[in-house]
Amino acid sequence: MTQVVTRIAPSPTGYMHIGTARTALFNWLYARGRGGKFLLRIEDTDRARSTPEATEAILGGLEWLGLDYDGTAVSQFERAPRHIEVAQHLLASGKAYKCFATQDEIADFRQQAKVEGRSTLYQSPWRDITDPALHPDVPFVIRIKSPESGLTVIHDQVQGDVNIKNDQLDDMILLRSDGTPVYMLSVVVDDHDMGVTHVIRGDDHLNNAARQMMIYQAMEWPLPIYAHIPLIFGEDGKKLSKRHGATSVLDYALMGYPAAAMRNYLARLGWSHGDDEFFTDQDALNWFDLSGIGKSPARFDHKKLQNLSGQHIAVSDDAALLQEIQYFLTLSSEIDLHQKISTRLLPAMYCLKDRAKTFPELLEKAAFILRERPIEIEKKMEKNVNISSLDMLKTLTPQLQNVSWSRDALEALTGQVAETHGVNFGKLAGPLRAALAGQSVTPSVFDMMLILGRNEAIARLSDMQERGTP
Ligand code: GLU
(Lines give C-alpha, C1' and ligand atoms only; values in the text may rest on other atoms or scores of the structure.)
Protein backbone atom coordinates (compact mmCIF):
# COMPACT_ATOMS: atom_id res chain seq x y z
CA MET A 1 0.00 0.00 0.00
CA THR A 2 1.31 3.40 -0.90
CA GLN A 3 1.42 5.94 1.89
CA VAL A 4 -1.59 8.22 2.12
CA VAL A 5 -0.75 11.86 1.41
CA THR A 6 -3.41 14.54 1.87
CA ARG A 7 -3.22 18.28 1.82
CA ILE A 8 -5.06 21.47 2.61
CA ALA A 9 -4.67 24.13 -0.06
CA PRO A 10 -6.20 27.37 1.18
CA SER A 11 -6.09 30.65 -0.71
CA PRO A 12 -4.76 33.36 1.62
CA THR A 13 -7.34 35.99 0.80
CA GLY A 14 -8.99 36.67 4.16
CA TYR A 15 -9.51 35.01 7.50
CA MET A 16 -9.54 31.23 7.94
CA HIS A 17 -13.10 30.08 7.33
CA ILE A 18 -14.74 27.33 9.38
CA GLY A 19 -15.16 25.36 6.15
CA THR A 20 -11.42 25.48 5.47
CA ALA A 21 -10.78 24.32 9.02
CA ARG A 22 -13.18 21.44 8.58
CA THR A 23 -11.53 20.43 5.29
CA ALA A 24 -8.14 20.63 6.98
CA LEU A 25 -9.39 18.44 9.84
CA PHE A 26 -10.82 15.80 7.50
CA ASN A 27 -7.54 15.65 5.59
CA TRP A 28 -5.54 15.56 8.80
CA LEU A 29 -7.68 12.78 10.29
CA TYR A 30 -7.58 10.75 7.11
CA ALA A 31 -3.80 10.94 6.82
CA ARG A 32 -2.86 10.71 10.49
CA GLY A 33 -5.26 7.84 11.10
CA ARG A 34 -3.39 5.87 8.42
CA GLY A 35 0.17 6.76 9.21
CA GLY A 36 0.16 9.10 6.23
CA LYS A 37 1.26 12.65 5.58
CA PHE A 38 -0.74 15.85 5.78
CA LEU A 39 0.67 18.76 3.76
CA LEU A 40 -0.03 22.46 3.53
CA ARG A 41 0.02 24.46 0.32
CA ILE A 42 -0.76 28.14 0.26
CA GLU A 43 -2.50 28.93 -3.02
CA ASP A 44 -1.18 32.45 -3.34
CA THR A 45 -1.20 32.83 -7.11
CA ASP A 46 -3.80 35.58 -7.01
CA ARG A 47 -1.28 38.29 -6.20
CA ALA A 48 -3.82 41.06 -5.88
CA ARG A 49 -5.90 39.26 -3.24
CA SER A 50 -3.28 37.22 -1.36
CA THR A 51 -1.92 38.82 1.80
CA PRO A 52 0.70 37.81 4.38
CA GLU A 53 -1.89 38.47 7.12
CA ALA A 54 -4.21 35.90 5.60
CA THR A 55 -1.37 33.35 5.49
CA GLU A 56 -0.70 34.11 9.15
CA ALA A 57 -4.37 33.55 9.94
CA ILE A 58 -4.22 30.14 8.26
CA LEU A 59 -1.08 29.15 10.12
CA GLY A 60 -2.56 30.45 13.39
CA GLY A 61 -5.83 28.59 12.82
CA LEU A 62 -4.07 25.30 12.10
CA GLU A 63 -1.84 25.77 15.12
CA TRP A 64 -4.75 26.50 17.43
CA LEU A 65 -6.62 23.47 16.13
CA GLY A 66 -3.53 21.34 16.62
CA LEU A 67 -3.48 20.22 12.99
CA ASP A 68 0.21 19.78 12.41
CA TYR A 69 1.42 19.42 8.86
CA ASP A 70 4.47 17.66 7.50
CA GLY A 71 7.42 19.62 6.15
CA THR A 72 7.12 23.28 5.33
CA ALA A 73 4.21 25.12 3.76
CA VAL A 74 4.48 25.20 -0.04
CA SER A 75 3.88 28.50 -1.83
CA GLN A 76 2.06 27.88 -5.08
CA PHE A 77 3.21 31.18 -6.53
CA GLU A 78 6.86 30.27 -6.05
CA ARG A 79 6.36 27.12 -8.08
CA ALA A 80 5.22 28.99 -11.21
CA PRO A 81 8.37 28.00 -13.20
CA ARG A 82 7.51 24.35 -12.67
CA HIS A 83 3.91 24.91 -13.78
CA ILE A 84 5.17 26.60 -16.94
CA GLU A 85 7.55 23.71 -17.54
CA VAL A 86 4.63 21.26 -17.51
CA ALA A 87 2.64 23.41 -19.96
CA GLN A 88 5.67 23.51 -22.24
CA HIS A 89 6.01 19.77 -21.97
CA LEU A 90 2.38 19.31 -23.01
CA LEU A 91 2.97 21.67 -25.92
CA ALA A 92 6.06 19.77 -27.04
CA SER A 93 4.26 16.44 -26.82
CA GLY A 94 1.33 17.67 -28.91
CA LYS A 95 -1.16 17.52 -26.03
CA ALA A 96 -1.46 21.29 -26.00
CA TYR A 97 -1.21 24.00 -28.62
CA LYS A 98 -0.60 27.68 -29.11
CA CYS A 99 -3.79 29.62 -29.70
CA PHE A 100 -3.47 33.03 -31.33
CA ALA A 101 -7.14 33.94 -31.26
CA THR A 102 -7.90 37.46 -30.11
CA GLN A 103 -10.61 38.36 -27.59
CA ASP A 104 -12.69 39.74 -30.43
CA GLU A 105 -12.44 36.56 -32.44
CA ILE A 106 -13.52 34.50 -29.44
CA ALA A 107 -16.45 36.83 -28.79
CA ASP A 108 -17.50 36.58 -32.45
CA PHE A 109 -17.29 32.79 -32.30
CA ARG A 110 -19.58 32.73 -29.26
CA GLN A 111 -22.00 35.16 -30.80
CA GLN A 112 -22.22 33.09 -33.97
CA ALA A 113 -22.65 29.84 -32.01
CA LYS A 114 -25.49 31.39 -30.07
CA VAL A 115 -27.25 32.49 -33.22
CA GLU A 116 -26.86 29.00 -34.68
CA GLY A 117 -27.95 27.33 -31.44
CA ARG A 118 -24.61 25.51 -31.02
CA SER A 119 -22.50 25.13 -27.87
CA THR A 120 -20.75 28.40 -27.08
CA LEU A 121 -17.65 26.63 -25.76
CA TYR A 122 -14.81 28.08 -27.76
CA GLN A 123 -13.28 25.85 -30.42
CA SER A 124 -10.01 27.29 -31.50
CA PRO A 125 -8.99 26.95 -35.16
CA TRP A 126 -5.39 26.81 -33.97
CA ARG A 127 -5.82 23.38 -32.42
CA ASP A 128 -4.81 21.72 -35.66
CA ILE A 129 -2.47 24.30 -37.11
CA THR A 130 0.76 22.88 -35.82
CA ASP A 131 3.15 24.16 -38.47
CA PRO A 132 5.15 27.01 -36.85
CA ALA A 133 5.49 28.63 -40.27
CA LEU A 134 1.76 29.30 -40.13
CA HIS A 135 1.90 30.91 -36.68
CA PRO A 136 1.70 34.71 -36.58
CA ASP A 137 4.09 36.75 -34.46
CA VAL A 138 1.49 37.89 -31.96
CA PRO A 139 0.74 37.00 -28.30
CA PHE A 140 -0.74 33.56 -27.75
CA VAL A 141 -2.09 31.39 -24.96
CA ILE A 142 -1.39 27.70 -24.53
CA ARG A 143 -4.47 25.52 -24.50
CA ILE A 144 -4.81 21.86 -23.63
CA LYS A 145 -6.41 19.60 -26.23
CA SER A 146 -9.54 18.35 -24.55
CA PRO A 147 -11.01 14.99 -25.57
CA GLU A 148 -13.65 15.62 -28.26
CA SER A 149 -16.02 12.84 -27.35
CA GLY A 150 -16.70 10.32 -24.63
CA LEU A 151 -17.16 10.74 -20.91
CA THR A 152 -15.02 11.86 -18.02
CA VAL A 153 -16.03 9.99 -14.89
CA ILE A 154 -15.02 11.29 -11.51
CA HIS A 155 -15.06 8.34 -9.12
CA ASP A 156 -15.81 10.48 -6.14
CA GLN A 157 -15.70 8.88 -2.71
CA VAL A 158 -18.52 11.07 -1.44
CA GLN A 159 -20.59 11.97 -4.50
CA GLY A 160 -20.31 8.61 -6.23
CA ASP A 161 -19.55 8.45 -9.96
CA VAL A 162 -20.00 11.85 -11.54
CA ASN A 163 -20.20 11.77 -15.35
CA ILE A 164 -19.22 14.72 -17.43
CA LYS A 165 -19.57 14.65 -21.18
CA ASN A 166 -16.29 15.55 -22.76
CA ASP A 167 -17.97 17.80 -25.28
CA GLN A 168 -18.77 20.02 -22.27
CA LEU A 169 -15.07 20.56 -21.66
CA ASP A 170 -13.35 23.22 -23.71
CA ASP A 171 -9.68 23.46 -24.57
CA MET A 172 -8.79 25.07 -21.28
CA ILE A 173 -6.04 27.67 -21.17
CA LEU A 174 -2.91 26.47 -19.36
CA LEU A 175 -0.67 29.51 -19.86
CA ARG A 176 -2.03 33.00 -20.34
CA SER A 177 -0.67 35.29 -23.00
CA ASP A 178 1.62 36.92 -20.42
CA GLY A 179 3.11 33.46 -19.82
CA THR A 180 1.59 32.97 -16.35
CA PRO A 181 0.06 29.59 -15.50
CA VAL A 182 -3.64 29.29 -14.67
CA TYR A 183 -4.78 28.07 -11.29
CA MET A 184 -6.16 24.79 -12.63
CA LEU A 185 -2.74 23.80 -13.97
CA SER A 186 -0.92 24.85 -10.79
CA VAL A 187 -3.19 22.73 -8.58
CA VAL A 188 -2.61 19.60 -10.62
CA VAL A 189 1.15 20.03 -10.92
CA ASP A 190 1.49 20.79 -7.22
CA ASP A 191 -0.68 17.89 -6.12
CA HIS A 192 1.26 15.56 -8.38
CA ASP A 193 4.68 16.83 -7.31
CA MET A 194 3.72 16.77 -3.64
CA GLY A 195 2.67 13.14 -4.03
CA VAL A 196 -0.92 13.82 -2.99
CA THR A 197 -2.89 10.58 -3.10
CA HIS A 198 -6.24 11.87 -1.82
CA VAL A 199 -7.86 15.20 -2.66
CA ILE A 200 -10.48 15.88 0.01
CA ARG A 201 -12.03 19.32 -0.50
CA GLY A 202 -15.26 21.28 -0.73
CA ASP A 203 -17.73 20.21 -3.41
CA ASP A 204 -17.53 23.68 -4.93
CA HIS A 205 -14.44 22.21 -6.61
CA LEU A 206 -16.22 19.19 -8.10
CA ASN A 207 -16.50 20.75 -11.56
CA ASN A 208 -12.83 21.63 -11.45
CA ALA A 209 -11.99 17.97 -10.93
CA ALA A 210 -13.09 17.04 -14.46
CA ARG A 211 -10.89 19.73 -15.95
CA GLN A 212 -8.01 18.88 -13.69
CA MET A 213 -8.29 15.23 -14.69
CA MET A 214 -7.59 16.26 -18.31
CA ILE A 215 -4.19 17.50 -17.24
CA TYR A 216 -3.41 14.35 -15.26
CA GLN A 217 -4.38 12.26 -18.26
CA ALA A 218 -2.37 14.33 -20.70
CA MET A 219 0.68 14.04 -18.45
CA GLU A 220 -0.04 10.33 -17.88
CA TRP A 221 0.09 10.88 -14.16
CA PRO A 222 -1.89 8.67 -11.78
CA LEU A 223 -5.11 10.32 -10.63
CA PRO A 224 -5.61 11.09 -6.95
CA ILE A 225 -8.65 9.73 -5.15
CA TYR A 226 -11.26 12.47 -4.98
CA ALA A 227 -13.66 13.18 -2.14
CA HIS A 228 -15.74 16.32 -2.51
CA ILE A 229 -17.46 17.22 0.72
CA PRO A 230 -20.70 19.19 0.89
CA LEU A 231 -20.45 22.76 2.06
CA ILE A 232 -21.50 23.94 5.50
CA PHE A 233 -24.84 25.68 5.91
CA GLY A 234 -26.16 27.88 8.66
CA GLU A 235 -29.07 26.83 10.83
CA ASP A 236 -31.49 28.27 8.26
CA GLY A 237 -30.21 25.96 5.52
CA LYS A 238 -28.36 28.71 3.63
CA LYS A 239 -24.64 28.71 2.91
CA LEU A 240 -22.74 29.63 6.09
CA SER A 241 -21.92 33.31 6.13
CA LYS A 242 -21.32 36.10 8.60
CA ARG A 243 -25.07 36.51 8.99
CA HIS A 244 -25.03 33.25 10.95
CA GLY A 245 -22.41 34.47 13.41
CA ALA A 246 -18.67 33.98 13.44
CA THR A 247 -17.28 32.12 10.43
CA SER A 248 -13.62 32.62 11.22
CA VAL A 249 -11.92 29.80 13.10
CA LEU A 250 -9.96 32.17 15.25
CA ASP A 251 -13.16 33.80 16.44
CA TYR A 252 -13.98 30.49 18.09
CA ALA A 253 -10.61 30.47 19.79
CA LEU A 254 -11.38 33.98 21.03
CA MET A 255 -14.78 32.89 22.31
CA GLY A 256 -12.92 30.44 24.53
CA TYR A 257 -13.79 27.07 23.07
CA PRO A 258 -11.18 24.39 23.71
CA ALA A 259 -9.47 23.21 20.53
CA ALA A 260 -10.40 19.59 21.29
CA ALA A 261 -14.08 20.53 21.38
CA MET A 262 -13.74 22.41 18.12
CA ARG A 263 -12.07 19.39 16.50
CA ASN A 264 -14.83 17.14 17.82
CA TYR A 265 -17.52 19.50 16.57
CA LEU A 266 -15.94 20.09 13.15
CA ALA A 267 -15.45 16.35 12.68
CA ARG A 268 -19.18 15.85 13.20
CA LEU A 269 -19.96 18.54 10.68
CA GLY A 270 -20.70 16.39 7.66
CA TRP A 271 -19.18 13.18 8.95
CA SER A 272 -20.65 10.68 11.36
CA HIS A 273 -19.80 7.49 13.13
CA GLY A 274 -23.08 5.94 14.23
CA ASP A 275 -24.69 8.09 16.89
CA ASP A 276 -21.41 9.17 18.46
CA GLU A 277 -21.40 12.88 19.26
CA PHE A 278 -18.74 13.27 21.92
CA PHE A 279 -15.40 11.66 21.15
CA THR A 280 -11.69 12.08 21.65
CA ASP A 281 -9.05 12.73 19.00
CA GLN A 282 -8.00 9.11 19.26
CA ASP A 283 -11.55 7.95 18.58
CA ALA A 284 -11.76 10.25 15.56
CA LEU A 285 -8.41 9.02 14.27
CA ASN A 286 -9.55 5.43 14.63
CA TRP A 287 -12.95 5.99 13.11
CA PHE A 288 -12.58 8.62 10.42
CA ASP A 289 -13.26 7.33 6.94
CA LEU A 290 -14.52 8.82 3.70
CA SER A 291 -17.52 6.51 3.77
CA GLY A 292 -18.84 8.32 6.84
CA ILE A 293 -19.09 11.65 5.00
CA GLY A 294 -22.67 12.59 4.18
CA LYS A 295 -23.90 13.80 0.81
CA SER A 296 -26.00 16.67 2.06
CA PRO A 297 -24.70 19.90 3.56
CA ALA A 298 -24.08 19.92 7.29
CA ARG A 299 -25.65 22.64 9.43
CA PHE A 300 -23.58 24.65 11.82
CA ASP A 301 -25.24 24.45 15.21
CA HIS A 302 -23.82 26.71 17.92
CA LYS A 303 -25.78 24.92 20.67
CA LYS A 304 -24.20 21.59 19.76
CA LEU A 305 -20.75 23.14 19.79
CA GLN A 306 -21.38 24.62 23.24
CA ASN A 307 -22.67 21.35 24.50
CA LEU A 308 -19.63 19.42 23.28
CA SER A 309 -17.38 22.14 24.58
CA GLY A 310 -18.83 21.80 28.08
CA GLN A 311 -18.24 18.07 27.96
CA HIS A 312 -14.65 18.47 26.80
CA ILE A 313 -13.90 21.05 29.50
CA ALA A 314 -15.41 18.77 32.14
CA VAL A 315 -13.20 15.79 31.26
CA SER A 316 -10.00 17.72 30.59
CA ASP A 317 -6.91 17.18 32.65
CA ASP A 318 -6.66 20.13 35.10
CA ALA A 319 -3.12 21.18 34.27
CA ALA A 320 -3.70 20.93 30.52
CA LEU A 321 -6.87 22.96 30.90
CA LEU A 322 -5.05 25.66 32.80
CA GLN A 323 -2.46 25.83 30.05
CA GLU A 324 -5.11 26.20 27.41
CA ILE A 325 -6.84 28.92 29.41
CA GLN A 326 -3.55 30.79 29.66
CA TYR A 327 -3.17 30.54 25.89
CA PHE A 328 -6.74 31.81 25.51
CA LEU A 329 -5.97 34.76 27.75
CA THR A 330 -2.91 35.71 25.73
CA LEU A 331 -4.92 35.38 22.55
CA SER A 332 -7.76 37.53 23.80
CA SER A 333 -5.14 39.72 25.55
CA GLU A 334 -7.63 40.53 28.26
CA ILE A 335 -5.77 39.45 31.35
CA ASP A 336 -2.36 38.02 31.80
CA LEU A 337 -2.62 35.12 34.17
CA HIS A 338 0.44 35.44 36.32
CA GLN A 339 2.18 32.54 37.92
CA LYS A 340 0.58 33.36 41.26
CA ILE A 341 -2.87 33.22 39.79
CA SER A 342 -2.30 30.01 37.93
CA THR A 343 -1.16 28.29 41.11
CA ARG A 344 -4.40 29.51 42.67
CA LEU A 345 -6.56 28.28 39.81
CA LEU A 346 -5.12 24.81 39.51
CA PRO A 347 -6.41 23.42 42.83
CA ALA A 348 -9.86 24.80 42.00
CA MET A 349 -10.02 23.40 38.50
CA TYR A 350 -11.87 20.27 39.59
CA CYS A 351 -15.01 22.29 40.31
CA LEU A 352 -14.51 25.20 37.91
CA LYS A 353 -14.58 22.92 34.90
CA ASP A 354 -17.90 21.49 35.89
CA ARG A 355 -20.68 22.96 33.73
CA ALA A 356 -18.56 25.63 32.03
CA LYS A 357 -19.18 25.70 28.28
CA THR A 358 -16.38 28.10 27.45
CA PHE A 359 -13.26 29.49 29.09
CA PRO A 360 -14.91 32.85 29.86
CA GLU A 361 -17.66 30.95 31.69
CA LEU A 362 -15.06 29.03 33.63
CA LEU A 363 -13.18 32.22 34.46
CA GLU A 364 -16.36 33.87 35.67
CA LYS A 365 -16.73 31.06 38.17
CA ALA A 366 -13.08 31.51 39.13
CA ALA A 367 -13.45 35.22 39.82
CA PHE A 368 -13.97 34.65 43.57
CA ILE A 369 -10.45 33.24 43.82
CA LEU A 370 -8.87 36.23 42.18
CA ARG A 371 -10.74 38.90 44.16
CA GLU A 372 -9.00 40.87 46.87
CA ARG A 373 -10.63 41.69 50.21
CA PRO A 374 -12.79 43.46 51.07
CA ILE A 375 -14.91 41.97 48.34
CA GLU A 376 -17.36 44.11 46.49
CA ILE A 377 -20.85 42.65 46.54
CA GLU A 378 -22.70 42.90 43.26
CA LYS A 379 -26.05 44.64 43.36
CA LYS A 380 -28.23 41.61 42.86
CA MET A 381 -26.48 39.77 45.71
CA GLU A 382 -27.26 42.52 48.22
CA LYS A 383 -30.62 41.01 49.04
CA ASN A 384 -28.66 38.36 50.92
CA VAL A 385 -27.26 40.91 53.32
CA ASN A 386 -29.83 41.63 56.04
CA ILE A 387 -30.13 41.48 59.81
CA SER A 388 -31.08 37.83 59.99
CA SER A 389 -28.45 36.63 57.50
CA LEU A 390 -25.73 38.60 59.28
CA ASP A 391 -26.94 37.05 62.49
CA MET A 392 -26.44 33.57 61.05
CA LEU A 393 -22.94 34.43 59.89
CA LYS A 394 -22.21 35.72 63.37
CA THR A 395 -23.08 32.30 64.80
CA LEU A 396 -21.15 30.47 62.13
CA THR A 397 -17.91 32.45 61.88
CA PRO A 398 -16.33 31.66 65.30
CA GLN A 399 -17.18 28.00 64.88
CA LEU A 400 -15.24 27.89 61.62
CA GLN A 401 -12.06 28.41 63.64
CA ASN A 402 -12.10 24.90 65.06
CA VAL A 403 -14.11 22.79 62.64
CA SER A 404 -12.16 20.28 60.64
CA TRP A 405 -11.67 21.87 57.17
CA SER A 406 -13.40 19.16 55.17
CA ARG A 407 -16.52 19.09 53.05
CA ASP A 408 -18.35 16.75 55.44
CA ALA A 409 -17.56 18.82 58.52
CA LEU A 410 -18.48 22.10 56.80
CA GLU A 411 -21.74 20.66 55.55
CA ALA A 412 -22.64 19.40 59.02
CA LEU A 413 -21.72 22.69 60.71
CA THR A 414 -23.57 24.99 58.30
CA GLY A 415 -26.60 22.67 58.44
CA GLN A 416 -26.60 22.94 62.22
CA VAL A 417 -26.31 26.73 62.19
CA ALA A 418 -29.22 27.00 59.76
CA GLU A 419 -31.29 24.72 61.94
CA THR A 420 -30.52 26.75 65.09
CA HIS A 421 -31.86 29.79 63.26
CA GLY A 422 -34.94 27.89 62.16
CA VAL A 423 -34.23 28.02 58.40
CA ASN A 424 -33.17 25.50 55.81
CA PHE A 425 -29.63 25.55 54.44
CA GLY A 426 -30.71 27.41 51.32
CA LYS A 427 -31.30 30.53 53.38
CA LEU A 428 -27.71 30.44 54.61
CA ALA A 429 -26.14 29.59 51.25
CA GLY A 430 -27.09 32.97 49.71
CA PRO A 431 -25.38 35.09 52.38
CA LEU A 432 -22.39 32.77 52.38
CA ARG A 433 -22.06 33.12 48.62
CA ALA A 434 -22.36 36.90 48.88
CA ALA A 435 -19.66 37.03 51.53
CA LEU A 436 -17.26 34.58 49.88
CA ALA A 437 -17.64 35.69 46.26
CA GLY A 438 -19.78 38.82 46.03
CA GLN A 439 -21.42 37.36 42.92
CA SER A 440 -23.94 34.72 42.01
CA VAL A 441 -22.01 32.61 39.49
CA THR A 442 -19.72 30.51 41.65
CA PRO A 443 -18.93 26.92 42.55
CA SER A 444 -20.74 25.57 45.63
CA VAL A 445 -20.14 27.40 48.93
CA PHE A 446 -18.30 24.35 50.27
CA ASP A 447 -15.98 24.23 47.29
CA MET A 448 -15.33 27.94 47.73
CA MET A 449 -14.50 27.53 51.41
CA LEU A 450 -12.22 24.59 50.72
CA ILE A 451 -10.46 26.45 47.91
CA LEU A 452 -10.06 29.74 49.79
CA GLY A 453 -8.87 28.06 52.98
CA ARG A 454 -9.92 28.67 56.57
CA ASN A 455 -8.31 32.07 57.14
CA GLU A 456 -9.46 33.72 53.93
CA ALA A 457 -13.00 32.32 54.30
CA ILE A 458 -13.31 33.57 57.87
CA ALA A 459 -11.91 36.95 56.89
CA ARG A 460 -14.45 37.35 54.05
CA LEU A 461 -17.34 36.41 56.34
CA SER A 462 -16.09 38.87 58.96
CA ASP A 463 -15.75 41.64 56.34
CA MET A 464 -19.41 41.34 55.48
CA GLN A 465 -20.51 41.44 59.10
CA GLU A 466 -18.36 44.50 59.76
CA ARG A 467 -19.80 46.27 56.78
CA GLY A 468 -23.33 45.55 58.00
CA THR A 469 -26.53 45.90 55.99
CA PRO A 470 -26.53 48.10 52.88
N1 GLU B 1 -7.52 27.03 -2.99
C2 GLU B 1 -8.78 26.36 -2.99
C3 GLU B 1 -9.68 26.97 -1.95
O4 GLU B 1 -9.21 27.67 -1.06
C5 GLU B 1 -8.66 24.89 -2.73
C6 GLU B 1 -8.31 24.11 -3.92
C7 GLU B 1 -8.22 22.63 -3.75
O8 GLU B 1 -8.38 22.14 -2.61
O9 GLU B 1 -7.93 21.97 -4.71
O10 GLU B 1 -10.88 26.79 -2.01
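Just so you know, these numbers use all the heavy atoms, side chains as well, and skip hydrogens, waters and symmetry mates. Start at 1 and go down the list; that is how both ligands and their atoms are numbered. The first residue in the sequence is number 1, and the count goes up from there.
Residues Asp68 and Trp28 bring a donor and an acceptor atom of their side chains to less than 3.5 Å of each other. Looking only at atom types and distance, the side chain of Gln157 has no donor-acceptor partner in the side chain of Tyr226 under 3.5 Å away. With hydrogens and angles left out, the side-chain atoms of Arg110 and Thr120 include no donor and acceptor closer than 3.5 Å.
Geometrically, ligand 1 and Val187 share no nitrogen or oxygen pair separated by less than 3.5 Å. Looking at His205 next to ligand 1, an N or O pair under 3.5 Å apart turns up.
In Tyr183, the part holding a heavy atom less than 4.0 Å from any atom of ligand 1 is the side chain.
Listed by number with element, the atoms of ligand 1 under 4.0 Å from a non-hydrogen atom of Arg7 are 7 (C), 8 (O), 9 (O). Near Glu43, meaning under 4.0 Å from one of its heavy atoms, ligand 1 places the atoms 1 (N), 2 (C), 5 (C), 6 (C). Atoms of ligand 1 found under 4.0 Å from any heavy atom of Arg201, numbered from 1 in the order shown, are 7 (C), 8 (O), 9 (O). Which parts of ligand 1 touch Ala9 is read off a 4.0 Å heavy-atom cut-off, strictly below it: atoms 1 (N), 2 (C), 3 (C), 4 (O), 5 (C). Atoms of ligand 1 lying under 4.0 Å from at least one heavy atom of Ser11, given by number and element, are 1 (N), 2 (C), 3 (C), 4 (O).
Checked against Asp171 for a salt bridge (charged side-chain N to carboxylate O under 4.0 Å, His left out), the options Arg211, Arg143, Arg127, Lys145 give a single hit: Arg127. When each of Asp190, Thr6, Asp191 is checked for a side-chain contact (heavy atoms from CB on, under 4.5 Å) with Val196, only Asp191 meets the rule.
For His273 and Phe279, the distance between ring centers is not under 6.0 angstrom.
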